Every structure is written in C-alpha cells, then in structure tokens.
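All remarks here apply to the structure that follows.
It should be emphasised that the depicted structure is a prediction, and the values quoted were computed from it without experimental measurement. Because only heavy atoms are used, hydrogens play no part in the values below, and waters and symmetry mates are left out as well, while side chains stay in.
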Amino acid sequence: VSTARTFAQTSRLAVAATWWGATRAAVEQARREGSPADLVIIRADRTPPDWYAAPWLYYMEKYQGFPATVAARPPIPADHTLAVVYVTPRAVAGFLAAHPGSPVVFLLEYDVPGATFPRSVHDESLRTLRRYGYCSAQEIPLRYTGALTIVRRTGC
C-alpha cells in the first residue's frame, strides 16, 4: 500500500507545475527563433544570479528531449549568456559591448510564484536594453517561472 501511494504521489508530481519549470519551454523558444549570434540575459532577483543561469545552459547545451526540428538548430553559446540581479546599464554595458551587432536579446526574468515582483523592474530592464538599441518585440509569460521577452534591434 505504501509503495502504491508513493507511486501515485510521484506520478502526480511528474506533471505538476514547478517553480522555474518553464525554463525548458523558454529555451525551446529561443532555439526555434534564435541563432548563435543572439544574446541571453537572465534576470533573477536572488543571489548569486549565476546560479539561475544553470537551468538555461543545461537546456541550451545538454538537453536531448527537444523535437528534432529544435534539436537541429544551433544553440546560443554559453558566453552569450549573462545572469544579473537587475538589468541596468552598469550590469550589462560590458556584456553588450563584447557582442556588438547581436540582433536579438532573449531576456528571461525569473519570478517566484506569489512574489511581489514589481512591473517597474521589468520596465527598467526594457529601458536599459532600449538604450543599447533593443526594442521589445514579444513577451511570453511562463507559468511558475516568469517571462521571456524577445527584444530586437529592428523596429525601434
């Protein structure tokens, strides 16, 4: 009986939404639409922010479960990925300068469910990227994760 209950609980958890569980979906989106010339900025309001880049990098570089059309697309390199607490000019200037002309930034902003993540922090991220010639193109909400915003150099 105990084994059956444990198996039932495990089965329910396997399909339950988990914190940051949509990171795989965000990477899949970036692999579908992106190229190795693109950039990734991960904003996590916890320290160290680099820890929050690990799931992204795992799915971008190592994960083998994507559909064949996604798996065939080249990944965005790890050195094109930056993790920060806030997307401010001070935090991203050197990174953006090291990759001049990158056409797209995939901005993944993590938000713990139930947190009081102010919209103003997201707006600050977009204002900062606009200073460097990137304009918001598409925001994709990610359940129990946050949002992926795709900003492009075109259309500003």
Side-chain angles (χ1 to χ4, degrees), residues 17-156:
T18 59
W19 285 3
W20 304 294
T23 302
R24 181 177 58 96
V27 172
E28 184 172 344
Q29 182 82 25
R31 290 283 297 261
R32 279 186 199 282
E33 295 187 28
S35 78
D38 295 334
L39 302 175
V40 177
I41 298 176
I42 297 169
R43 195 209 57 76
D45 59 355
R46 289 175 166 68
T47 57
D50 290 343
W51 187 88
Y52 294 89
W56 177 277
L57 293 173
Y58 165 75
Y59 285 115
M60 186 59 74
E61 297 176 343
K62 307 272 188 228
Y63 183 67
Q64 299 295 310
F66 288 129
T69 56
V70 175
R73 306 263 312 143
I76 298 171
D79 68 347
H80 283 218
T81 302
L82 174 70
V84 296
V85 175
Y86 294 104
V87 181
T88 62
R90 183 177 180 173
V92 301
F95 176 69
L96 295 174
H99 304 283
S102 292
V104 174
V105 173
F106 292 93
L107 173 63
L108 176 63
E109 294 180 290
Y110 283 116
D111 184 21
V112 176
T116 56
F117 175 73
R119 178 72 187 188
S120 62
V121 174
H122 174 69
D123 293 340
E124 176 186 33
S125 297
L126 296 180
R127 276 192 306 277
T128 296
L129 292 172
R130 182 177 286 278
R131 287 179 62 174
Y132 296 94
Y134 293 95
C135 300
S136 180
Q138 182 181 8
E139 287 187 33
I140 303 160
L142 302 165
R143 187 170 179 224
Y144 285 101
T145 300
L148 177 67
T149 303
I150 304 169
V151 291
R152 303 180 191 284
R153 283 199 178 273
T154 58
C156 293

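Residues satisfying the side chain to side chain donor-acceptor pair (under 3.5 Å) criterion with Arg32, sequence neighbours excluded, are Glu28. Residues forming a side chain to side chain donor-acceptor pair (under 3.5 Å) with Arg73 (at least two apart in sequence, or on another chain): none. Residues meeting the salt bridge (Lys or Arg N to Asp or Glu O under 4.0 Å) test with Glu139, sequence neighbours left out: Arg119. For Thr149, there are no side chain to side chain donor-acceptor pair (under 3.5 Å) partners, not counting sequence neighbours. For Arg130, the side chain to side chain donor-acceptor pair (under 3.5 Å) test picks out no residue, with sequence neighbours left out.
Residue pairs that meet the salt bridge (Lys or Arg N to Asp or Glu O under 4.0 Å) test with at least one member in residues 145-156, sequence neighbours left out, are Glu33-Arg152.
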Could you walk me through whether Val27 and Phe66 pass the side chain to side chain contact (heavy atoms under 4.5 Å, CB included) check? CA-CA 10 Å; Val27 172; Phe66 288 129; 4.0 Å; yes
Checking Phe95 against Val84 for the side chain to side chain contact (heavy atoms under 4.5 Å, CB included) test, could you report, in this order, the C-alpha distance in whole Å, the side-chain angles of both residues, the deciding distance, and whether it holds? CA-CA 11 Å; Phe95 176 69; Val84 296; over 6 Å; no
Can you list the steps and then say if Asp38 with Ser102 is a side chain to side chain contact (heavy atoms under 4.5 Å, CB included)? CA-CA 5 Å; Asp38 295 334; Ser102 292; 5.6 Å; no
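In this structure, CD1 in Ile42 is found 11.5 Å from CH2 in Trp51, a value given to the nearest 0.5 Å. Within the model, atoms OG of Ser125 and CZ of Arg43 stand 6.0 Å from one another, a figure rounded to the nearest 0.5 Å. Atom CG of Asp111 sits about 10.5 Å away from atom CG of Leu142, to the nearest 0.5 Å. Rounded to the nearest 0.5 Å, atoms CE (Met60) and OG1 (Thr81) are 6.5 Å apart. Atom CD1 in Ile76 sits 11.0 Å away from atom CD in Glu61 (nearest 0.5 Å). Note that CG of Leu39 is 5.0 Å distant from OH of Tyr134, once rounded to the nearest 0.5 Å.
When all heavy atoms are compared, the tightest approach of Thr128 to Val87 is OG1-O, 2.9 Å. Taking both residues in full, the closest heavy atoms of Ala44 and Pro49 are given as O-CB, 4.3 Å, listed atom of the first, atom of the second, then distance. Ala26 and Leu148 get closest at one heavy-atom pair: O-CD2, 3.7 Å. Closest approach of Thr88 and Glu124 over heavy atoms only: CG2-OE2, 3.5 Å.
Inspection of the Thr23 and Tyr110 side chains reveals an N or O donor paired with an N or O acceptor under 3.5 Å.
A donor-acceptor contact shorter than 3.5 Å links the side chain of Arg31 to the backbone of Ala71. One N or O on the side chain of Gln64 and one on the backbone of Lys62 form a donor-acceptor pair closer than 3.5 Å.
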